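This report refers to the structure that appears directly beneath it.
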Protein chains: 2
Amino acid sequence: MSIIPGFSRGLFVSGGSVANMTGLMAARHAVLKDRIDGATVYLSDQTHSSVERALRVIGFSREQIRKLESDRNFRLSIKTLRAAIADDRRAGLRPFCIVANAGTTNTGAVDPLSELADLAAKEKLWLHVDGAFGAASILSKRGREMLDGLDRADSLTLDPHKWLFQSFECGCVLVRDAAILKSAFKIKADYLRDVYRETEEINPCDYGIQLTRSFRALKVWLSLQTFGVAAFRQAITRGFELAELAERELRARKGCEILSPAQMATVCFRFGKSDELQTRLVDVMMKDGYALLTSTELRGAVALRLCTINPRTTEEDIVETVKRLDRFARQ
Amino acid sequence: MSIIPGFSRGLFVSGGSVANMTGLMAARHAVLKDRIDGATVYLSDQTHSSVERALRVIGFSREQIRKLESDRNFRLSIKTLRAAIADDRRAGLRPFCIVANAGTTNTGAVDPLSELADLAAKEKLWLHVDGAFGAASILSKRGREMLDGLDRADSLTLDPHKWLFQSFECGCVLVRDAAILKSAFKIKADYLRDVYRETEEINPCDYGIQLTRSFRALKVWLSLQTFGVAAFRQAITRGFELAELAERELRARKGCEILSPAQMATVCFRFGKSDELQTRLVDVMMKDGYALLTSTELRGAVALRLCTINPRTTEEDIVETVKRLDRFARQ
């Protein structure tokens, strides 16, 4: 995965959930020596639910997870974060980890990675970045600008089955220091003694929860060899552009409000004011069959959400989707 | 998975490691309400390493894991277990779970499931059974006799990619009460609100760590439909018989000692007395290319191990393998 600067090694896993769990295990092991009590972790209210679930699985209680209100651009606020860490230190707790987003699922928002890396360094916290969706966009010029500071994370989740166009299941966790992963996970089985006689060999089962595993790296490698990195760059850039096209088309429709502008190939919006209408539009579009769109919640309001990373989506698809949405909204 | 009596529901996962983790999460949640401190868990020294790793991942320290010496048949000793639980209760600790084996990887040993279920009920402990390898054999008459009491476990690991002849990755965890799994794992994501509008629907992502997932059940279901359960029964029975044939052939060779007789299609043995010879035999056989055998450690001594569950293995393969082993041992 040397296409992502700053990370020397990682592990292919089933998807973002296990990738996040693996990165957070590294954090728990490196910073806390696996001692959980009194430790606290910081993330924004836009963080993917799998992060909270992973934290619960590896032993943290709800009370140890600081879910901080995001700013008006749906980003983790440095000011809020700094205050929360200071509060916890005063209370005798042990802050150990910041989880940042490189492209949230809801809106594509990117937390201020560079400033978060500064803060993490100053406070001696682990910085885990959930870039399951957005990190791959670093291959493109647009993504590289948005992801400034990504290379300073201690661990990073990146799902090739998202914006690297791979088939399920293909998640990935990257780390700066592979020795920490190994120390966190390695357990020797008697019956695997033949495997461990070759001490120089890298055994993926030492770096995560899974032992027997399929060869996930193969498809990523093959498609990079076949299409070349340039094709990936282009397809990612196209995702950005299609969301921007969608935003322009939506803004041109009366009664449509943009709740979060196009970023990382994601745009959120609503027609009219009622939550019921948005939910109805999801169902009507599903029944119509032309396009699939989903809804989410942004600050308590139901929002419609278009994510335009499918490399087979055309400009015409986007224009026609907005046209239909507009028509259904007025019915 | 209604082919395994006693279990109403479960989840397909990547393999035994995640299945064990999922079952143990259910135990942690049901018995401890996720409060880890002072809790203790009991297992034999023959338990698969993935169980210890899963316990570490979900927050338990090495000091909370009682790895008990197995009896002369490599089984968890009820007497030793009872004493360990009593000791811990006296010390103010909180025993919460017994992990039993339904076919260990090393020797195929089956812990005394029925007595363990009695003890677990009496002590109000969770009984997790790791049957990753052996549980599927319950389809056969031989397996059913050996696995008496399996249906009384609270959770069970069973890997269809082992003795149900499926391709990787196909693990499975079965539970008596699915509501516990759901309560342990369910976390709602805003952007999945469309998924949760249908409240009656079962979403596998609510019952384990993984969200996006491949359709693992399909291949199991298809092969059961295609070949029928009887074919599976027969193939499993054949696995038992081939290991017994191997044992007979090995006993007929001078200088070969049976360290664990054929059970659950597994037989352990050694030629001569030196550990080095066994390790050399693994390498020589690998180089020879006729058969793959592996070594393990039993009570500190290196043992060779044949596992005969491959449905394409023939009696001739077994006879010839032993013949070659014998020849190489004398070279």
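Because the structure is a prediction, the values reported are computed rather than measured. In what follows, chains carry the letters A, B, and so on, assigned in the order in which the sequence lines appear, proteins first and then strands, with residues in each chain numbered from 1.
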Inset, instruction - Would you mind checking which part of A:Ile36 comes under 4.5 Å of any heavy atom in chain B, side chain (CB onward), backbone (N, CA, C, O), both or neither? - result: side chain
Legend entry - Proximal component of A:Thr294, with respect to chain B [non-hydrogen, under 4.5 Å]: both
Legend entry - Main-chain N/O of B:Glu169 paired with A:Arg213 side-chain donor or acceptor, under 3.5 Å: no
Contacting region of [X] [heavy-atom separation from chain A under 4.5 Å]:
X: B:Phe168; value: side chain
X: B:His161; value: side chain
X: B:Ser295; value: both
X: B:Val302; value: side chain
X: B:Glu297; value: both

Interface residue of largest heavy-atom contact number with chain A, from [options], under 4.5 Å:
options: B:Asp37, B:Asp34, B:Leu211, B:Val13; result: B:Leu211
options: B:Cys205, B:Gly171, B:Ser61, B:Ala54; result: B:Cys205
options: B:Gly59, B:Ser49, B:Gly15; result: B:Ser49
options: B:Lys186, B:Glu52, B:Arg28; result: B:Arg28

Inset, instruction - Would you indicate whether the side-chain heavy atoms of B:Arg56 and A:His29 approach each other to under 4.5 Å? - result: no
Legend entry - CG-OG1 distance between A:Asp159 and B:Thr212, expressed to the nearest 0.5 angstrom: 7.5 Å
Inset, instruction - Give, for atom CD1 of B:Ile187 and atom CZ of A:Arg62, the distance between the pair rounded to the nearest 0.5 Å. - result: 7.0 Å
Inset, instruction - Spell out the residues in residues 276-293 of chain A that have some non-hydrogen atom less than 4.5 Å away from a non-hydrogen atom of chain B, in order of number; otherwise answer 'none'. - result: A:Thr279, A:Val282, A:Asp283
Legend entry - Shortest non-hydrogen contact from A:Ile209 toward B:Arg53: O-NH2, 3.3 Å
Inset, instruction - Only counting residues at least two apart or in another chain, list the ones meeting ring pair (Phe, Tyr, Trp, His ring centres under 6.0 Å) with B:Phe74. - result: none
Inset, instruction - Might you confirm whether atom NZ of B:Lys219 has over 12 heavy atoms from other residues, nucleotides or ligands at distances under 6.0 Å? - result: yes
